[in-house]
Protein chains: 2
Amino acid sequence: MLELRHLRTLIALRETGSVSRAAKRVHLTQSALSHQIKGIQAHYGLPVIQRQGQSIKLTDAGKRLVFLAEKVLEEIQVAERDLAKISQQTSGSLRIVLECHTCFDWLMPIMNVFRQHWPEVELDLVSGFHSDPIKLLEDGSADVVIGSEHKRRRDITHHPLFRFEILAVLAPEHALHRKRILQADNFADETLITYPVPEDRIDLILKVLKPNGIHPKRRTAELTVAILQLVASRRGVAALPSWGIKNYIDHDYVIARRIGNGGLWSDLYASTLRETASRPYVRDFLSTIKKTCFATLEGIVPLK
Amino acid sequence: MLELRHLRTLIALRETGSVSRAAKRVHLTQSALSHQIKGIQAHYGLPVIQRQGQSIKLTDAGKRLVFLAEKVLEEIQVAERDLAKISQQTSGSLRIVLECHTCFDWLMPIMNVFRQHWPEVELDLVSGFHSDPIKLLEDGSADVVIGSEHKRRRDITHHPLFRFEILAVLAPEHALHRKRILQADNFADETLITYPVPEDRIDLILKVLKPNGIHPKRRTAELTVAILQLVASRRGVAALPSWGIKNYIDHDYVIARRIGNGGLWSDLYASTLRETASRPYVRDFLSTIKKTCFATLEGIVPLK
DNA sequence: TTGATTAATGAATTTCATTCATAATTATGC
DNA sequence: GCATAATTATGAATGAAATTCATTAATCAA
């Protein structure tokens with residue numbers, strides 16, 4: 001018999017175009033999904049996916065079920081928001097601290113959606129640089145911190161969002177453009193263009209350059225576009241999340257290269273007070289982030 | 001996490017107003033539903049039902065979820081019909097034999113719905129009396145027989161529909177109106193008004209009167225309304241399904257009495273060729289019967 | 001070719017819904 | 001009132017079924 005888990009699987013299949021990636025998306029093994037698909041197909045006597053070489057394609061029946069899935073899961077979300085309103089834990093505040101400047105890119109549309117769903121919740125961004133953002137949670141002057149992992153504490157919950165790759169960004173004709181992968185020493189003679197934050201907040205420096213004793217010149221800019229302008233104008237190189245620069249790469253304004261053989265990866269978490277995490281609008285906010293990020297940002301990987 | 005089974009349970013709860021009856025409706029134990037309900041409530045931190053003395057009442061949260069359930073389950077039905085159309089086993093015929101005349105009452109609206117959902121299927125009623133209706137299935141001159149159980153055969157599937165009670169119907173001022181329960185000998189001096197079918201098709205005669213050596217006069221009429229007219233005009237008494245006479249009882253045209261201490265019950269089945277049963281439109285037809293009968297006919301009980 | 005990636009399969013395992021047995025609660029008849 | 005019947009709630013035991021594990025088969029790129 002059809003169950004919601006099948007519908008969630010179908011959606012993940014359409015979004016990823018592959019059984020193994022869909023499995024990661026729904027936090028199951030590839031085998032589990034394979035069995036699920038087999039079950040659906042046996043139940044309806046119809047194939048829902050077709051092997052297309054390495055990956056897979058949805059059949060007409062599969063598409064019809066995905067259409068169903070989207071409607072149904074959307075309706076469930078709406079209903080669950082209504083339930084949260086019935087339970088009256090509906091007003092409150094959601095003041096967000098961003099450790100990672102680039103995150104503005106994907107956060108904006110999510111905040112817009114959130115504002116519509118929870119008009120009573122006071123939504124705000126806490127601006128400025130903060131050396132210990134977690135302290136803001138305890139102070140009660142912020143509700144969520146979005147950034148990299150912090151050390152575990154009993155009163156704080158770290159909600160894993162996703163893992164993403166940080167790529168080196170170069171001007172198209174840059175001397176290093178022939179290299180597929182950049183190593184630490186390639187940065188020795190470059191100017192590094194970054195957001196205006198301390199060194200220990202920059203993964204490239206912290207994890208790659210400093211351990212190799214390399215200390216390039218630095219120059220800062222507030223906005224992602226500004227950084228990319230400087231890179232394209234040959235003022236230096238930058239290191240940015242793969243999804244933050246996709247548009248610029250596609251238009252050949254700049255080029256991107258992997259850093260180190262395995263690549264330089266970073267994990268993003270949303271941290272809240274344990275107590276805050278139970279509020280329905282906070283849970284909705286976090287699940288919206290995950291849902292839309294996996295749907296819109298390319299090259300990100302589920303965490304934990 | 002919410003699953004479709006919870007939604008089905010919620011609907012059954014609303015329709016029956018009781019956990020144990022809802023359990024029967026969805027073919028589970030009362031305990032299973034109790035656990036399910038507990039699960040939903042824990043998940044949302046909200047009660048969905050309220051004990052109202054013996055029975056139960058839905059809370060606002062429960063009502064919201066029922067609303068969701070109806071939308072979602074309806075959409076799934078539509079999608080499944082579409083899948084059946086994709087699989088192309090969509091045309092064919094559904095010729096129905098009715099052993100039980102009263103069944104016209106509930107079958108008509110169902111046929112109308114069915115005709116809209118499956119316009120390509122040739123829908124028909126096979127009229128006239130048939131001594132061995134199952135033979136019509138083998139002949140290929142009918143597709144479904146609706147009636148009481150027949151002996152098991154390998155090539156025939158009997159789909160249980162529901163169990164219903166047959167009540168004696170009397171004129172309001174009939175001499176027997178003081179008795180709450182009628183016994184076999186109460187019928188000795190009465191005229192029995194029935195549909196024009198052989199004795200062995202009339203449960204009252206077969207199961208109650210004949211075993212007690214009682215053979216009342218008989219008179220026949222084609223239509224349920226005609227039978228009830230004769231009863232009200234003191235031409236005799238009848239025995240009809242409880243749901244077939246509800247309207248007339250409510251208007252005090254006639255009165256109804258239980259037959260025998262446990263009551264006289266009859267089981268209704270839909271029989272098809274095993275092969276026919278797998279066609280999607282047949283399965284849809286059968287599930288529609290069950291769904292709408294349980295929703296609209298009072299006093300019927302799930303079978304098997 | 002080889003190696004890397006992905007999907008499919010069958011068996012083993014784990015999870016979790018259901019049942020069973022029973023207690024608690026409420027209604028009804030006397 | 002009390003006894004009895006009917007209903008819901010609960011905890012432990014069960015069992016079905018979903019998931020994982022381990023492996024094979026298929027596809028692609030080098």
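Chain letters run A, B, ... following the sequence lines, proteins first, then strands; residues in each count from 1.
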Can you label the angle between the A:F164 ring and the A:W243 ring as parallel, tilted or perpendicular, going by 30° and 60°?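 Ring orientation, 0 to 90° scale: perpendicular.
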
[X] has an atom [atom1]; how far is it from atom [atom2] of [N], in whole Å?
| X | N | atom1 | atom2 | value |
| --- | --- | --- | --- | --- |
| A:R21 | C:dT6 | CZ | P | 7 Å |
| A:I49 | C:dA7 | CD1 | C1' | 8 Å |
| B:Q30 | C:dT19 | CD | P | 11 Å |
| A:Q54 | C:dT5 | CD | P | 10 Å |
| B:Q36 | C:dT19 | CD | P | 10 Å |
| A:L28 | C:dT6 | CG | P | 18 Å |
| B:K38 | C:dA17 | NZ | P | 13 Å |
| A:K57 | C:dA7 | NZ | P | 16 Å |

Quick one: does A:H6's side chain have a donor or acceptor within less than 3.5 Å of a partner on A:E3's backbone?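 It does hold such a pair.
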
Heavy-atom contact window of chain A on DNA chain D, given 5' to 3' at under 4.0 Å: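 In short, chain A contacts DNA chain D from D:dA18 to D:dC28.
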
Which residue lies more 5' along DNA chain C, comparing A:V19 with B:Q52 via nearest heavy atoms: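 Nearest nucleotide further toward 5': that of A:V19.
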
Pair B:E165 + B:R258, salt bridge at N-O below 4.0 Å: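 Answer for the salt bridge query: yes.
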
Go through the steps to decide whether A:R257 and A:L176 satisfy the test side-chain contact (heavy atoms from CB on, under 4.5 Å), and finish with yes or no. CA-CA 9 Å; A:R257 291 292 180 263; A:L176 292 168; over 6 Å; no

Does C:dT9 have OP1 or OP2 under 4.0 Å away from a side-chain N or O of A:S31?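 So the side-chain polar atoms of A:S31 never come under 4.0 Å of the phosphate oxygens OP1 or OP2 of C:dT9.
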
Please classify the nucleic acid contact of A:S20 as base, sugar-phosphate, or nothing, using heavy-atom distances under 4.0 Å.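 Since only primed, P, OP1 and OP2 atoms lie under 4.0 Å of A:S20, the category is sugar-phosphate.
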
So which one's nearest nucleotide on DNA chain D is more toward 5', A:H6 or B:I56?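 Nearest nucleotide further toward 5': that of B:I56.
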
Begin from the C-alpha positions of A:L7 and A:L2 and carry the test side-chain contact (heavy atoms from CB on, under 4.5 Å) through to its verdict. CA-CA 8 Å; A:L7 299 186; A:L2 192 71; 4.1 Å; yes

For A:K290, does the NZ atom sit with more than 12 other heavy atoms under 6.0 Å from it, leaving out its own atoms?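 Buried by this count: over 12 neighbours within 6.0 Å.
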
Begin with the C-alpha distance, continue with both residues' side-chain angles, and end with the deciding distance and a verdict on side-chain contact (heavy atoms from CB on, under 4.5 Å) for A:L4 and A:V72. CA-CA 9 Å; A:L4 291 180; A:V72 163; 3.9 Å; yes

